[in-house]
Each structure stands twice: as C-alpha cells, then as structure tokens.
A.B. asks: 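Pasting in a structure now, in structure tokens, and then I'll have a few things to ask.
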Amino acid sequence: MAAAFRLSLKPKTSDNMTHLMVDFSQERQMIQTLKFLPVPKAPEIDLTDCIVADNCVSVAWRMPDEDNKIDHYVMEYRKTHYDGLPRVKDERCWEQIDHIKATEYTLSGLKFDSKYMNFRVRACNKAVAGEYSDPVTLETKALTFAFDSMSSHLNLKVEDSYIEWDPTGGKSQENKVKGKENKGSGHVTLLRNNIRSGTPSPKRTSVTARPAMMRGSRDRFTGESYTVLGDTTIESGQHYWEVKAQKDCKSYSVGISYKSIGKFDQLGKTNTSWCLHVNNWLQAAFAAKHNNKAKALEMPVPDRIGIYCDFDGGQLSFYNANTKQLLYSFKSKFTQPIVPGFMVWCGGITLYTGLQVPSAVKTLQKSENGMGGSSNSLTSVAQ
C-alpha cells in the first residue's frame, strides 16, 4: 500500500519548470518610459526686491536659467544678531517654509527681537531638490524691552511682558520682613540685656533690622504710584510698541518718563513724564496727561494702544493699534534719556515689543509734521 500511495502522488511537473515563465512585459514598458530630470540649479535672491516693513519680510528670487521642470521652492530663515554671512557657532536653527509655488514669499506677524535675519532658497522638481542659494541677510531691527521688576511697585506682579495689580503684594512682603524683624528684635534684645538693663524700642529695632530693599530705594515706586518702567532706555531714533489692558482693568496709564522720576511720582503728574490715562472706576475718563495737566479725549478707548516715540524729533504719539487712528500727540524736547512707563490699578496690562514703526504711522507722522506738528495744550520742554 505504501508503494502504491507514493506512485499516485508523483508530481506531473518536471524539475526544470519549463512550462512556467515570468511575464516581464509591464516592467519592460515602465523602464522604457523612465524620464531623467536634471538637478535644479540654485536660485538667486534679489535683494532689491526684498522688503522689510510692518513686521513682515518679503523675499523674492529668480532662477539663473529658465527651468520649466520646477515643481516648488523651499525657503529657510533664522534670526541672528550678526551682519553678513551666517555664523556656525551660537546661531539659531533654520526654520523651513515648504511647497512655495511662486518665486516670492512673505513672512508676516514676526517679532523682530533680533537685529538681522538670514534667508536662503532652493528649487525642487518632482525628483530631487537642488542646492541652496547663497544666504542673504536683511535688517530686522526694532525696540525690544521688558518690564523692569526692580522699579515696580510692590503691589504689581511683574513678568517680562505682563503686569497685574496684586493688592496683597506689598502686605505679603511686609509680613515677611516683619517676621524676620521680630526674630532679629528678640536676638538683639537678649544681647543688649546682657550689657545693660532696659528694653530697646521695637520701632528702633525694626528700622535697624529692615533690609535695605524695603527702605524704599529711588528705583522702586511706592505710595499710590503703582508704576513700573521699561528695562531699556531710549536715547535716539524712532520706536514703537503696543499695550493691551484687561477688559475689567479699572485704571491704567501708558507713556514715557525720564529715569529720574521720583518713587512717589505718578505718570503725567510731573514735567518729566507724558502719558495716556484711562479710568474706568466710578467716573470713566480718557485723557492725555503731562505736568499735572490733562486733556480730555472725546473718543472711545481702543482695545490696543500703540505708542510711537521719536526721540530726536521730540514727539510722542498714541494710536489705535488696530485702525492706526491718531489718539493724541505730544511735542516736546527731550533733554535726557527716556524709558517707557506704565501704571495699572485693579487689572493687568500686556506689553508687545519687537515691532517696527508701522507704515501707516510713518505716513501720518509725515503729514502731521508737514502741517506744523500736533496742536495740543500740553506741549512743553522738560528739563
């Protein structure tokens, strides 16, 4: 039975498989239809057509030779503080914009927190990407600063670009100091009792043990001046920044002052500070203030205020940051370096820096200067 079973299962095919053949006809056709594309050449960026304005950068380029096989372009950029060719060390990484169909591209909504930006472009066809173009450097300089926490009132909670009223700020600091003073007082009392009889005055001991920071240095605002300054001085040029207050903020001021402003002084109430003041508590008010004089503004308060400062031209202007409508303009002669100033009570303020002077503001400034400057009653020369 076993022999018969093996004979019945004997395969009918031969060992050389001559009755089976592989059909390569489709593959042959595919190979015959292959097309080889040349590697695209490196594009050339045209500096004359590149535009930097309104915190936008438009980059334009062209191919050295016409190439109708180009499918798209890739642009890379990075921020730097160095002019000229990009440096390898201490540089930020390249950021990439892919699938650009045109020979130009605009980056918008940038924060210019570096002096320059590097750009390079390469072309791609459906098969391969070419070499990058020679990198170019464009200037993207703008004023960048933060809140100076060392100058702020103790009732202000300060971050780099945000301040908020904190009614318990000063009290919590005082409680900490008082706790340390009480410990120090007991220690001092014991030492003095060993030398002579009598109990030292708590007030005198308290003042002696108080840290120098709490004595009220000239740099920190106190009293009812809920103020903080910027950490950068302005000594020349034209600059622009914006602020946005919380919707429920009861009172705030934005403007500039000399760094010598007193720790009890409020913005707009001295001849060394200029500001726009908004009050939403009890009686609403919107006014420009300088040297303890106020000019009421008969217009709605914008959600976001732009501040333009021309140090050399002696001009400070406030704008609706969204519509670029001029709110008010001061004309003065700055005799000292100035710093941005901010006051807030029962609310918070967000700061936006790294902004170029908007083109609309430049146009308005030219027309305003052509008409002989701003007509207002608060024009002065601060000493």
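The analysis underlying the following values was restricted to heavy atoms, covering all of them including side chains, and did not include hydrogens, waters or symmetry mates. This chain uses plain numbering: 1 for the first residue, then up along the sequence.
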A.B. asks: Taking all non-hydrogen atoms of both residues into account, name the closest pair between K41 and A123 and its distance.
C.D. replies: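 Closest heavy-atom pair between K41 and A123: O-CB, 4.3 Å.
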A.B. asks: Within a 6.0 Å radius of atom CG on D303, are there more than 12 heavy atoms belonging to other residues, nucleotides or ligands?
C.D. replies: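 No - once you tally the heavy atoms of other residues, nucleotides and ligands closer than 6.0 Å, there are 12 at most.
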A.B. asks: Once you round to the nearest 0.5 Å, how far does OH of Y308 lie from OH of Y240?
C.D. replies: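 The distance works out to 11.5 Å.
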A.B. asks: Considering only heavy atoms from C-beta outward, does the side chain of Y252 approach that of I305 to under 4.5 Å?
C.D. replies: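 They are in contact (side-chain heavy atoms under 4.5 Å apart), so the answer is yes.
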A.B. asks: For atom NZ of K69, is the number of surrounding heavy atoms from other residues, nucleotides or ligands below 6.0 Å larger than 12?
C.D. replies: no
A.B. asks: Do Y162 and I349 land in one hydrophobic cluster if side-chain heavy atoms of ILVMFWY residues count as linked below 4.5 Å?
C.D. replies: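 Y162 does not cluster with I349.
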A.B. asks: Output, in order, the C-alpha distance, side-chain angles, deciding distance and verdict of side chain to side chain contact (heavy atoms under 4.5 Å, CB included) for I45 and D134.
C.D. replies: CA-CA 8 Å; I45 298 179; D134 293 332; over 6 Å; no
A.B. asks: How many angstroms lie between atom OG1 of T140 and atom NE2 of H81, to the nearest 0.5 angstrom?
C.D. replies: 9.0 Å
A.B. asks: Measure the shortest side-chain to side-chain distance between T227 and K263 over non-hydrogen atoms and say whether it is less than 4.5 angstrom.
C.D. replies: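 Result no, sub-4.5 Å side-chain heavy-atom pair not found.
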A.B. asks: Between N279 (side chain only) and Q283 (backbone N and O only), is there a donor and an acceptor less than 3.5 Å apart?
C.D. replies: yes
A.B. asks: With heavy-atom distances below 4.5 Å as the criterion, would you say the side chains of P340 and W241 are in contact?
C.D. replies: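 Yes, at least one pair of side-chain atoms sits under 4.5 Å.
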A.B. asks: Between T137 and N118, is a side chain to side chain contact (heavy atoms under 4.5 Å, CB included) present by the stated rule, with each step listed?
C.D. replies: CA-CA 5 Å; T137 302; N118 301 135; 2.9 Å; yes
A.B. asks: Please round to the nearest 0.5 Å and tell me the distance separating atom CD1 of I261 and atom OG1 of T272.
C.D. replies: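 One finds 5.0 Å between CD1 of I261 and OG1 of T272.
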A.B. asks: From S332 OG over to I256 CD1, what is the distance, rounded to the nearest 0.5 angstrom?
C.D. replies: 8.0 Å
A.B. asks: For a quick test of reading the model, state the closest non-hydrogen atom pair linking M343 to S251 and the distance between them.
C.D. replies: CE-OG, 3.7 Å
A.B. asks: Return yes if some donor-acceptor pair links the side-chain N/O of Y258 with the main-chain N/O of T335 below 3.5 Å, else return no.
C.D. replies: yes
A.B. asks: Are Y132 and M117 in one and the same hydrophobic cluster, where Ile, Leu, Val, Met, Phe, Trp and Tyr link if side-chain heavy atoms are under 4.5 Å apart?
C.D. replies: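 Different clusters: Y132 never reaches M117 through Ile, Leu, Val, Met, Phe, Trp or Tyr contacts under 4.5 Å.
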A.B. asks: Any side-chain to backbone donor/acceptor pair from N322 onto R304? Under 3.5 Å, distance only.
C.D. replies: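 No.
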A.B. asks: Is it true that D46 and R62 have a side-chain N and a carboxylate O under 4.0 angstrom from each other?
C.D. replies: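 Looking at D46 and R62, the cut-off is met.
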A.B. asks: What's the spacing between L110 CG and Y77 OH if we round to 0.5 Å?
C.D. replies: 6.5 Å
A.B. asks: Quick one: closest heavy-atom pair of L267 and C275, and the distance?
C.D. replies: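 In this case the closest contact between L267 and C275 is O-SG, 3.6 Å.
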A.B. asks: Are L326 and L355 connected in a single hydrophobic cluster, I mean Ile/Leu/Val/Met/Phe/Trp/Tyr linked by side-chain heavy atoms less than 4.5 Å apart?
C.D. replies: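 Looking at the clustering, L326 is in the same group as L355.
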A.B. asks: Okay, side chain of S151, backbone of V228: is any donor-acceptor separation there less than 3.5 Å?
C.D. replies: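 It does not hold such a pair.
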A.B. asks: Judged by modelled atom types alone, do T106 and S108 share a side-chain donor-acceptor pair under 3.5 Å?
C.D. replies: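 S108 and T106 do not have a side-chain donor-acceptor pair below 3.5 Å.
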A.B. asks: Checking E104 against Y73: is there a side-chain donor and acceptor pair closer than 3.5 Å?
C.D. replies: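 The answer is no; no qualifying pair exists.
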A.B. asks: Kindly give the heavy-atom pair with the smallest separation between K295 and Y328, and that separation in Å.
C.D. replies: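 Nearest heavy atoms, K295 then Y328: CG-CE1, 3.7 Å.
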A.B. asks: Do other residues, nucleotides or ligands put more than 12 heavy atoms under 6.0 Å from Q26 CD?
C.D. replies: no
A.B. asks: What is the ring orientation for F330 with H290, classed by angle as parallel under 30°, tilted 30 to 60°, or perpendicular over 60°?
C.D. replies: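 Ring orientation of F330 relative to H290: perpendicular.
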A.B. asks: Just by distance, do the side chain of H153 and the backbone of G223 share a donor-acceptor pair under 3.5 Å?
C.D. replies: yes
A.B. asks: Could you tell me if the side chain of K269 sits less than 4.5 Å from the side chain of N292, heavy atoms only?
C.D. replies: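 Yes, close enough: below the 4.5 Å cut-off.
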A.B. asks: Is L107 close to I97 at the side-chain level, that is, under 4.5 Å between some pair of heavy atoms?
C.D. replies: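 SC-SC contact between I97 and L107 confirmed.
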A.B. asks: Do F286 and V278 have side chains that approach each other closer than 4.5 Å (heavy atoms only, starting at C-beta)?
C.D. replies: yes
A.B. asks: Stepwise, does the side chain to side chain contact (heavy atoms under 4.5 Å, CB included) test hold for L47 with L138?
C.D. replies: CA-CA 9 Å; L47 281 174; L138 300 178; 3.7 Å; yes
A.B. asks: Is there a ring pair (Phe, Tyr, Trp, His ring centres under 6.0 Å) between W274 and F334? Walk through the geometry before answering.
C.D. replies: CA-CA 11 Å; W274 301 256; F334 304 124; 5.3 Å; yes
A.B. asks: Grab the two heavy atoms, one from K126 and one from L37, that are nearest each other, plus how far apart they are.
C.D. replies: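 Smallest heavy-atom distance, with atoms named: N-CD1, 4.4 Å.
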A.B. asks: Would you find more than 12 non-hydrogen atoms of other residues, nucleotides or ligands less than 6.0 Å from Q96 atom CD?
C.D. replies: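 Above 12, so yes.
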A.B. asks: State, without any angle test, whether S317 and S329 hold a side-chain donor-acceptor pair at a distance under 3.5 Å.
C.D. replies: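 Distance-only check passes for S317 and S329.
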A.B. asks: Between L364 and Y319, is any pair of side-chain heavy atoms under 4.5 Å apart?
C.D. replies: yes
A.B. asks: Quick check: does any side chain N or O of N55 sit under 3.5 Å from a backbone N or O of G109, one acting as donor and the other as acceptor?
C.D. replies: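 It does not hold such a pair.
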A.B. asks: Ignoring hydrogens and geometry, is there a side-chain-to-backbone donor-acceptor pair from D54 to C56 under 3.5 Å?
C.D. replies: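 Side chain of D54 to backbone of C56, a donor-acceptor pair under 3.5 Å: no, none is there.
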A.B. asks: Taking all atoms of both residues into account, what is the closest heavy-atom pair of P40 and A129, and its distance?
C.D. replies: CD-C, 4.4 Å
A.B. asks: Check whether N280 reaches the backbone of C249 with its side chain - one donor and one acceptor, N or O, closer than 3.5 Å.
C.D. replies: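 Side chain of N280 to backbone of C249: a pair is present.
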A.B. asks: With heavy-atom distances below 4.5 Å as the criterion, would you say the side chains of S152 and F147 are in contact?
C.D. replies: no
A.B. asks: Does the side chain of H277 pick up a donor-acceptor pair with the side chain of S253 at under 3.5 Å?
C.D. replies: yes
A.B. asks: Do side-chain atoms of T33 reach the backbone of M30 as a donor and acceptor pair under 3.5 angstrom?
C.D. replies: yes
A.B. asks: Look up atom CG in D312 and atom OG in S236, then write down how far apart they are to the nearest 0.5 Å.
C.D. replies: 5.5 Å
A.B. asks: Under 4.5 Å between side-chain heavy atoms, hopping through other hydrophobics if needed: is there a path connecting I70 to V39?
C.D. replies: no
A.B. asks: Testing the 3.5 Å rule here: is there a donor-acceptor pair between the side chains of D113 and T144?
C.D. replies: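 Per modelled atom types, D113 and T144 side chains form no pair under 3.5 Å.
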A.B. asks: Show, in sequence, the C-alpha distance, side-chain angles and deciding distance for Q365 and Q238, and conclude whether the side chain to side chain contact (heavy atoms under 4.5 Å, CB included) test is met.
C.D. replies: CA-CA 11 Å; Q365 287 296 321; Q238 301 176 1; over 6 Å; no
A.B. asks: Would you find more than 12 non-hydrogen atoms of other residues, nucleotides or ligands less than 6.0 Å from E44 atom CD?
C.D. replies: yes
A.B. asks: Taking K101 for its side chain and D71 for its backbone only, find out whether a donor-acceptor pair lies under 3.5 Å.
C.D. replies: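 Judged by distance alone, yes, a pair lies under 3.5 Å.
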A.B. asks: Do L143 and V57 sit in the same hydrophobic cluster, where Ile, Leu, Val, Met, Phe, Trp and Tyr count as joined when their side-chain heavy atoms come under 4.5 Å apart?
C.D. replies: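 No.
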